[in-house]
Amino acid sequence: MTLCQLVPREGSPCEDQPGRYRRHRRVEKFAAELASWWATHQDSHLAFVARNPEIVGMAWVALVPRIPRPGATSRLSADIQSVFVDPAHRGHGIGSALVQAASEHAIRLGAARVTVHSGRRAVPVYERLGFESSRQLLQRQGND
């Protein structure tokens, strides 16, 4: 199993995936939309993938610059997003390895904190990786 950071390039960021993932027009359309979106967000959103040798999992980290304050003019936070492992490859630590790689990378870049919004079933996984609940981190639901 290989973990690596996926770097956007001309064409679809999904073009390395085997043909079975690109057969359907809907998937190809999404791949094109994702490539277009990523082209404008590549400085703030990094993708990490697991290969075996095809892509079997992915996790994103969004880097969020924070407003400077006296004594700290370069502040950064990060958020783990869209973690997915192919169902046939789950239960082997791939998701955990992806989250670990993405969060460690964000911390190396200077993130003061790394957050994640998780489904209930995944909370124990994130807790094993060092994530903790915080009473200070509040959220307000939008219309989504």
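These figures come from a predicted structure and were not determined experimentally.
Atoms CG and CH2, on Leu98 and Trp60 in that order, are 12.5 Å from each other to the nearest 0.5 Å. Between the CD atom of Gln139 and the OG1 atom of Thr115 there is a distance of 10.0 Å, given to the nearest 0.5 Å. To the nearest 0.5 angstrom, His117 atom NE2 is 6.0 Å from Leu137 atom CG.
Put simply, the side chain of Val114 reaches to within 4.5 Å of the side chain of Phe131, judged on heavy atoms. With a 4.5 Å cut-off on side-chain heavy atoms, Gln100 and His105 do not count as touching. No side-chain heavy atom of Val56 sits less than 4.5 Å from a side-chain heavy atom of Arg51. Taking the side chain as every heavy atom from C-beta outward, Phe84 and Arg90 approach each other to under 4.5 Å. Residues Leu109 and Leu46 are in side-chain contact: their nearest non-hydrogen atoms beyond the backbone lie under 4.5 Å apart.
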Checklist line | Chi angles and distances behind the side chain to side chain contact (heavy atoms under 4.5 Å, CB included) call for Ser96, Val125 | finding: CA-CA 7 Å; Ser96 294; Val125 174; 3.6 Å; yes
Margin query: With side chain to side chain contact (heavy atoms under 4.5 Å, CB included) as the criterion, how do Val83 and Tyr126 come out once you've worked through the C-alpha distance, each side chain's angles and the decisive distance to 0.1 Å?
Written below: CA-CA 11 Å; Val83 178; Tyr126 289 109; 3.6 Å; yes
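Follow the hydrophobic side-chain contacts under 4.5 Å out from Phe30 and you reach Ile55 in the same cluster. The same ILVMFWY cluster, assembled from side-chain heavy atoms under 4.5 Å apart, contains both Ile107 and Val99. Trp37 is connected to Val49 through a chain of hydrophobic side-chain contacts under 4.5 Å among Ile, Leu, Val, Met, Phe, Trp and Tyr, so both are in one cluster.
Minimum heavy-atom separation, Pro124 to Arg121: CD-O, 3.5 Å. Closest approach of Ile67 and Arg75 over heavy atoms only: O-NE, 3.1 Å. The shortest non-hydrogen separation linking Ile80 to Ser103 is CD1-N, 3.9 Å. Of all heavy-atom pairs spanning Ile94 and Val85, the tightest one is CG2-CG2, 4.0 Å. In this structure, Leu63 and Ala106 approach most closely via the heavy-atom pair CD2-CB, 4.1 Å. Of all heavy-atom pairs between Ser77 and Arg66, the closest is OG-CD, 2.8 Å.
No donor-acceptor distance shorter than 3.5 angstrom exists from the side chain of Ser36 to the backbone of Glu33, with no hydrogens or angles considered. A side-chain donor-acceptor contact under 3.5 Å links Asp86 to the backbone of Ala88.
Under the 30°/60° scheme for interplanar angles, the aromatic rings of His45 and His41 are found to stand perpendicular.
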